[in-house]
Amino acid sequence: MANNLLAGKVGIISGALNEHSIAWKVAQRAHAEGARFVLTNAPLAMRMGEINKLSEECNAPIIPADATSTEELEALFSGAQEQLGGKLDFVLHSIGMSANIRKKKHYGELDYKFFNQTIDVSAMSFHKMMAVAEKQDAMNEWGSIVALSYIAAQRAFLDYTDMTQAKAMLESIARSYGQRFGKLKKVRVNTVSQSPTKTTAGTGITGFDAFYNFADMMSPLGNAPAEACADYCISLFSDLTRYVTMQNLMHDGGFSTTGISAEIVDMMTKAAGVDSAE
């Protein structure tokens, strides 16, 4: 149900690859809530994905941009303001990539060239986006900038390898730039730490299905779906959260604060051949 939470607001949504992407769901919800926005992704991702379909659905122009390139980000932010007729109210950073994960390299054998690329694409691009927005004075006062993160920024998870460091850096950048942007323009900056989600990127991680099921059993509310994450992002773009900034907000059904669940205890006792009622 739409409530016109973003009526009159304009922004940029990055990272929509296909209908499984969280950014795709955010775009659909933002459109339903009355926002106008520009869609963006790297040229290679655009060729692989279906962003034109989303553009038609949301009546949203597309401006391709490699988020590691300051020059392309400058063209993105200036182009978005031109297309939308003024400064921006919200930005979604939904960008992440690890060649080490794609090539299934374990943590002890990381390719450092790939590692640097992971940091640049998945974390430094967030800083570059905000630095460009600041230099262009592209954000309206009380605007909102959100990036998508994951609990591996705080905990060790097998097979998440160098993305662990990238997400930790992403969250750190949100705090540091959140302080700066808040003082300069009252712009708030937050990260949303989402449940494991069956996106194209997520399912490419070794053992994803096993961990997805584990997290679902651990979380009192179960894994948060992409659609619910989109709802949360919309609330952060809206005026209802004007004083929320510099936070890493857990959107994981309670996984992050659950020690162990009855379902996991039951599964472990059955696997050990022990009657849990004993």
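One-based numbering along the sequence shown.
If you take CE on Met217 and OG1 on Thr258, they are separated by 13.0 Å, rounding to the nearest 0.5 Å. Asp159 CG to Ile101 CD1: the interatomic distance, rounded to the nearest 0.5 Å, is 8.5 Å. Interatomic distance, CG of Leu76 versus OG1 of Thr70, reported as 12.0 Å (0.5 Å rounding). Lys167 contributes atom NZ, which lies 11.0 Å from atom CD1 of Ile119 (distance to the nearest 0.5 angstrom). Rounding to the nearest 0.5 Å gives a distance of 10.5 Å between CD of Gln179 and CG of Leu184. To the nearest 0.5 angstrom, Glu109 atom CD is 10.0 Å from Thr161 atom OG1.
In this structure a side-chain-to-backbone donor-acceptor pair under 3.5 Å is missing from Ser172 to Met169. A side-chain donor-acceptor contact under 3.5 Å links Ser219 to the backbone of Asp252. At least one donor-acceptor pair under 3.5 Å links the side chain of Asp216 to the backbone N or O of Asn223. Remark: the backbone N or O of Asp162 is not paired with any side-chain donor or acceptor of Ser98 at under 3.5 angstrom. Judged by distance alone, the side chain of Ser256 and the main-chain N or O of Gly254 form no donor-acceptor pair under 3.5 Å. A donor-acceptor pair under 3.5 Å is formed between the side chain of Arg36 and the backbone N or O of Leu84. Judged purely by atom type and a 3.5 angstrom limit, Ser14 has no side-chain atom pairing as donor or acceptor with the backbone of Thr40. The backbone N or O of Gln247 sits nowhere less than 3.5 Å from a side-chain atom of Arg188 that would complete a donor-acceptor pair. Proximity of a side-chain donor or acceptor of Asp266 to a complementary backbone N or O of Ala262 within less than 3.5 Å is not detected. Between the side chain of Ser21 and the backbone N or O of Asn18 there is at least one donor-acceptor pair closer than 3.5 Å.
Other residues sharing a hydrophobic cluster with Leu221 under the 4.5 Å side-chain heavy-atom criterion for ILVMFWY residues do not exist; the residue is a singleton.
With contacts defined as side-chain heavy-atom distances shorter than 4.5 Å, the pair Tyr107/Tyr160 does not qualify. Residues Val91 and Met139 meet the side-chain proximity criterion, which asks for heavy atoms closer than 4.5 Å. Contact annotation: the side chain of Val38 never approaches that of Ile62 to less than 4.5 Å [non-hydrogen atoms, C-beta and beyond]. Counting heavy atoms from C-beta outward, Phe214 and Ile264 have side chains that approach closer than 4.5 Å. Taking 4.5 Å as the limit, every side-chain heavy atom of Phe37 sits out of range of all side-chain heavy atoms of Leu88. When side chains are defined from C-beta on, Leu17 does not count as touching Trp24, because their heavy atoms never get closer than 4.5 Å. At least one side-chain heavy atom of Leu236 sits under 4.5 Å from a side-chain heavy atom of Leu249. Taking 4.5 Å as the limit, every side-chain heavy atom of Phe237 sits out of range of all side-chain heavy atoms of Leu5.
A salt bridge links Asp120 to Lys128: one of the charged nitrogens lies within less than 4.0 Å of a carboxylate oxygen. In this structure, Lys25 pairs ionically with Glu227, as a charged nitrogen and a carboxylate oxygen lie closer than 4.0 Å. At a threshold of 4.0 Å, the pair Arg29-Glu33 counts as salt-bridged, since one of the basic side-chain nitrogens sits closer than that to a carboxylate oxygen. Electrostatic pairing of Arg180 and Glu134 counts as a salt bridge here, judged by a charged N lying under 4.0 Å from a carboxylate O. By the 4.0 Å N-to-carboxylate-O rule, Asp239 lies close enough to Lys9 to be salt-bridged with it.
When only modelled atom types and interatomic distance are considered, Gln81 and Ser78 share no side-chain donor-acceptor pair under 3.5 Å. For the residue pair Gln28 / Glu19, no side-chain donor-acceptor distance below 3.5 Å is found, with atom types taken as modelled. His251 and Ser193 are not linked by any side-chain donor-acceptor pair at a separation below 3.5 angstrom, with hydrogens and angles left out of the test. No side-chain donor from either of Thr191 and Glu171 sits under 3.5 Å from a side-chain acceptor of the other. No side-chain donor from either of Asp111 and Asn100 sits under 3.5 Å from a side-chain acceptor of the other.
Connection of Ile12 to Phe181 is established within a shared hydrophobic cluster, with ILVMFWY side chains joined at heavy-atom distances below 4.5 Å, either directly or through further cluster members. Hydrophobic clustering, with ILVMFWY side chains joined whenever heavy atoms are under 4.5 angstrom apart, keeps Ile13 apart from Ile95. In the hydrophobic clustering of ILVMFWY residues, with side-chain heavy atoms under 4.5 Å counting as a link, Val146 and Leu6 come out together. Grouping the Ile, Leu, Val, Met, Phe, Trp and Tyr side chains by contacts below 4.5 angstrom, directly or via other members, places Met129 with Val10. In terms of hydrophobic clustering, with Ile, Leu, Val, Met, Phe, Trp and Tyr side chains grouped at heavy-atom distances under 4.5 Å, Met124 and Met97 are assigned to a common cluster.
Of all the heavy atoms in Ala16 and Leu54, the pair that sits closest is CB-CD2, 3.6 Å. For the pair Gly8 and Asp89, the tightest heavy-atom approach, listed with the atom from each and the gap, is O-OD2, 4.0 Å. Val187 approaches Ser144 most closely through the heavy-atom pair CG1-N, 4.5 Å. Here the closest heavy-atom approach between residue Ala168 and residue Ala153 is recorded as N-CB, 3.6 Å. In this structure, His93 and Val121 approach most closely via the heavy-atom pair NE2-O, 4.4 Å. Shown here for Thr118 and Ala166, the closest heavy-atom pair between the two residues is CG2-CB, 4.0 Å.
Classified by interplanar angle (parallel below 30°, tilted 30° to 60°, perpendicular above 60°), the ring pair Tyr177/His127 is perpendicular. Using bins of under 30°, 30° to 60° and over 60° for the plane-to-plane angle, the ring pair Tyr112/Phe115 lands in the parallel bin.
Taking the six-membered ring for Trp and the full ring otherwise, the centers of Trp142 and Phe90 sit at least 6.0 Å from each other.
With a 6.0 Å radius and a threshold of 12 heavy atoms from other residues, nucleotides or ligands, Lys105 has its NZ atom above the threshold. Heavy atoms of other residues, nucleotides or ligands lying less than 6.0 angstrom from CD of Glu82 number 12 at most.
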Going through the checks in order, is the side-chain contact (heavy atoms from CB on, under 4.5 Å) test met by Tyr150 and Thr164?
CA-CA 8 Å; Tyr150 184 53; Thr164 296; over 6 Å; no
Dump the intermediate steps for side-chain contact (heavy atoms from CB on, under 4.5 Å) on Ile151 and Met250, then the final yes or no.
CA-CA 8 Å; Ile151 194 173; Met250 310 306 295; 4.0 Å; yes
Verify side-chain contact (heavy atoms from CB on, under 4.5 Å) between Thr197 and His20, making sure each step is shown before the conclusion.
CA-CA 9 Å; Thr197 309; His20 302 296; over 6 Å; no
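Of the listed residues (Val26, Leu170, Ile22), just one forms a side chain to side chain contact (heavy atoms under 4.5 Å, CB included) with Leu148, and that residue is Ile22.
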